[in-house]
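The figures that follow rest on heavy atoms only: side chains count, while hydrogens, waters and symmetry mates do not. The residues of the chain are indexed from 1 along the displayed sequence. It should be emphasised that the depicted structure is a prediction, and the values quoted were computed from it without experimental measurement.
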Amino acid sequence: MALSWQYDLDGVDWEALSALYQAAPLGNKSAAHLQKVFSNSMFRCFAYEAGQLLAAGRALADGGDCAYLCDIAVLPSHQGRGLGKQVVRQLLAATQGHRKVILYAVPGREDFYRQLGFLRMQTAMALFDNPQLQLERGYLSTE
């Protein structure tokens, strides 16, 4: 797999990115929403092969203390080949120097992040716009 990496937003096809998140499957994220959140992220990366978008991810960061990896997606046809790990490693390299790097995983994918050195946080808390749905999906617990 001959990959090319892009770290800026020049020429990003936001519709293709939206289709990637739907296929991954990481939900229905509109092209406009993705353009907004990727534009407001300090770091981002996109993996292409022969011009086709295969994977993407981004990180919110404050430049020194905390970085948050999010929206890491890989086209299903390329999952299980190490591409997701490459995306995470690209983002970890970009966030080097931050005192902590956090993320939350899709339920059931925690072992993937453990392989990359992440440990479970015991005190993480969250507010979601639809907490009942997130409870059902396994992102939240009332315990």
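- K85 places a side-chain heavy atom less than 4.5 Å from the side chain of F112.
- Atom OG of residue S30 and atom CD of residue E15 lie 8.5 Å apart, to the nearest 0.5 angstrom.
- The two residues A73 and A24 have their closest heavy-atom pair at CB-CB, 4.0 Å.
- Taking 4.5 Å as the limit, some side-chain heavy atom of L135 sits within range of a side-chain heavy atom of T142.
- Taking all atoms of both residues into account, the shortest heavy-atom contact from A126 to L140 is CB-CD2, 4.1 Å.
- In this structure, CZ in R89 is found 5.5 Å from CG in L116, a value given to the nearest 0.5 Å.
- For the pair Y21 (side chain) and D71 (backbone), a donor-acceptor distance under 3.5 Å is present.
- In the hydrophobic cluster analysis, where Ile, Leu, Val, Met, Phe, Trp and Tyr join through side-chain heavy atoms closer than 4.5 angstrom, Y139 is grouped apart from L133.
- In this structure, the side chains of Q90 and F43 stay at 4.5 Å or more apart for every pair of heavy atoms.
- Side-chain atoms of Q22 never come within 3.5 Å of backbone atoms of L20 as a donor-acceptor pair (strictly under, hydrogens ignored).
- A donor-acceptor contact shorter than 3.5 Å is absent between the side chain of R44 and the backbone of N40.
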key: Worked verdict on W5 versus V87 for side-chain contact (heavy atoms from CB on, under 4.5 Å)   = CA-CA 10 Å; W5 291 90; V87 170; 3.9 Å; yes
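- Here D13 contributes atom CG and L34 contributes atom CG; the two are 11.0 Å apart, rounded to the nearest 0.5 Å.
- For the residue pair L75 and A23, the shortest heavy atom distance occurs at CD1-CB, 4.3 Å.
- In this model, no donor atom of one side chain and acceptor atom of the other lie less than 3.5 Å apart for Q132 and N130.
- Nearest heavy atoms, Q35 versus S39: O-OG, 2.6 Å.
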Considering only distance and modelled atom types, tabulate donor-acceptor pairs under 3.5 Å from the side chains of residues 95-107, sequence neighbours left out.
{"from": "T95", "atom 1": "OG1", "to": "L91", "atom 2": "O", "distance (Å)": "3.0"}
{"from": "T95", "atom 1": "OG1", "to": "L92", "atom 2": "O", "distance (Å)": "3.2"}
{"from": "H98", "atom 1": "ND1", "to": "T95", "atom 2": "O", "distance (Å)": "2.7"}
{"from": "H98", "atom 1": "NE2", "to": "G63", "atom 2": "N", "distance (Å)": "3.0"}
{"from": "H98", "atom 1": "NE2", "to": "G64", "atom 2": "N", "distance (Å)": "3.3"}
{"from": "R99", "atom 1": "NH1", "to": "D65", "atom 2": "OD1", "distance (Å)": "3.2"}
{"from": "K100", "atom 1": "NZ", "to": "D65", "atom 2": "OD1", "distance (Å)": "3.3"}
{"from": "K100", "atom 1": "NZ", "to": "D65", "atom 2": "OD2", "distance (Å)": "3.0"}

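- For the pair V88 and Y113, the minimum side-chain heavy-atom distance is below 4.5 Å.
- Looking at heavy atoms from C-beta onward, L3 lies in side-chain contact with Q86 at the 4.5 angstrom threshold.
- The backbone N or O of L83 sits nowhere less than 3.5 Å from a side-chain atom of Q79 that would complete a donor-acceptor pair.
- Ring to ring, F46 and F38 are close: their centroids are under 6.0 angstrom apart.
- Residues V37 and R58 are in side-chain contact: their nearest non-hydrogen atoms beyond the backbone lie under 4.5 Å apart.
- A donor-acceptor contact shorter than 3.5 Å links the side chain of S18 to the backbone of K29.
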